Amino acid sequence: MKKIACLFFVFLISQSNYCQLSYAKKNVKKLSSKKMKGRGYVKGGHKKAALYIANEFKKHNLSGFNDNYFQTFYTSVNTQPGKISLTLNKNRLKPGTDFLINPSSPSIQGEFKTTYLSIEDIFRKKILLKKLDSSANKVLLLDLQKSNEISKDNKNKLNDIVNYLIYSPNIKCKATIIFKNEKLTWTGSTRENTKASFTVNKPTDVKTITTVNTNCESLFLEKEETQNIIGSVNGYSELDSTIIISAHYDHLGMMGKKTIFPGANDNASGVALLLELAKHYSQKNNQPKYDIIFIAFGGEEIELLGSKFYTDNPVSPLNKIKFMLNFDLAGTGDDGIKVVNATEFMNEFDKLIHINKNNSLLPAVKPRGPACNSDHCFFYNNGVPCFYIYTLGGIKAYHDIHDKYKTLPFTAFENYSQLLKLYIDAF
Ligand SMILES: [Zn+2]
């Protein structure tokens, strides 16, 4: 009998783990699907994702603020919703795979002659100035394919000069193309530059490129309405402190009509973790001690705008926050987790280590100092104790077209969420 009861218990636990994982997978699959358009500002991707998350909040009966879950704010943002093509001599490159357009690029269309610059040219002032002099209305080709061979100091200098060439209105070229041997990593931009820029990662004899054909349609949105999604669960204690659980749901959206950045790990996975915790703590038996406010931030990929807006307009006083846990990149965990601000909040970090060890959950819980690299940043700057936690190991995909649901391993997801529940309960 005992044996059967025990087996049944194991079955229940594995069932609940299984449920956790299937709920998380369902959410990541949905949020990184084609329908969500990469959760950026092309075809309303961010709005679709926001509605989906609000609907999940509703399913879990979270309380809203101001009658709903949305905290609206506005931003400018540059987008690439239309055509996107880049042809070097006769070779048409594949968007997302072979090249990226700089997200701040304005529209550009036409056939252009080229000016070639090697790393050596860039460092020789006389040659650089001479070449720039004759580059008006041409496309500058910056051949940085061998930049791995130069020293770190020189690399920094090179980056500064390259940025000047890309962004300075004093440079009269029509556009710049950077040729690199590094993984393509895209970003977002709230600004529109005066000229277009591209990054190419495809082994190329750049010197032989004499013509560039391109047709890219950008659209600068001056005042785009976007939002944070906020819901809460009441704690059972009379204490007026709150715990904040957050994860950003926005991502990079689309580059042209077909190329989507799905953002499965960044950060559909973090939202899935937030939703798992929301689901858990909204159940009667799991009522938390403190009120928990769940925030899915918008605008993270464009200068952390959603969390900036929230800390300027909090729905509950910032000085009542007992602790904040921000999740970004929650979908791997093969090598454990990294905890930003561990060195600032040693007691809280020790407790996390302790709980992990006692329950043998993750292979490692590693400390890191403060870093303004996700939505915890403005909270931390406002004196709120907080951790930003991300998973380690697994896939290499990041800010590219390969960050997909299909290849996201979810290696440690159940143990990670289990650790967080035990940790939150221990506050
Ligand atoms: Zn990101």
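Remember, it's 1-based here, ligands and their atoms both numbered in the order they're listed. Keep in mind that this is a model prediction, so the values were computed, not measured. Side chains included, hydrogens not; waters and symmetry mates left out as well; all remaining heavy atoms used.
You'll find the ring centres of F345 and H376 outside the 6.0 Å limit. Checked against the 6.0 Å centroid criterion, the rings of F297 and F309 do not qualify as a close aromatic pair.
Of the inter-residue distances, the one linking L273 atom CG with L329 atom CG reads 11.5 Å to the nearest 0.5 angstrom. Here D266 contributes atom CG and S32 contributes atom OG; the two are 11.5 Å apart, rounded to the nearest 0.5 Å.
A salt bridge does not link E224 with K47: every distance from a Lys NZ or Arg NE/NH1/NH2 to an Asp or Glu carboxylate oxygen is 4.0 Å or more. Salt bridge status for R39 with E301: absent, with no side-chain N to carboxylate O gap under 4.0 Å.
Protein N/O/S atoms found under 2.8 Å from the Zn ion (ligand 1), listed by chain and residue number: D266 OD2, E301 OE1, E301 OE2, H399 NE2.
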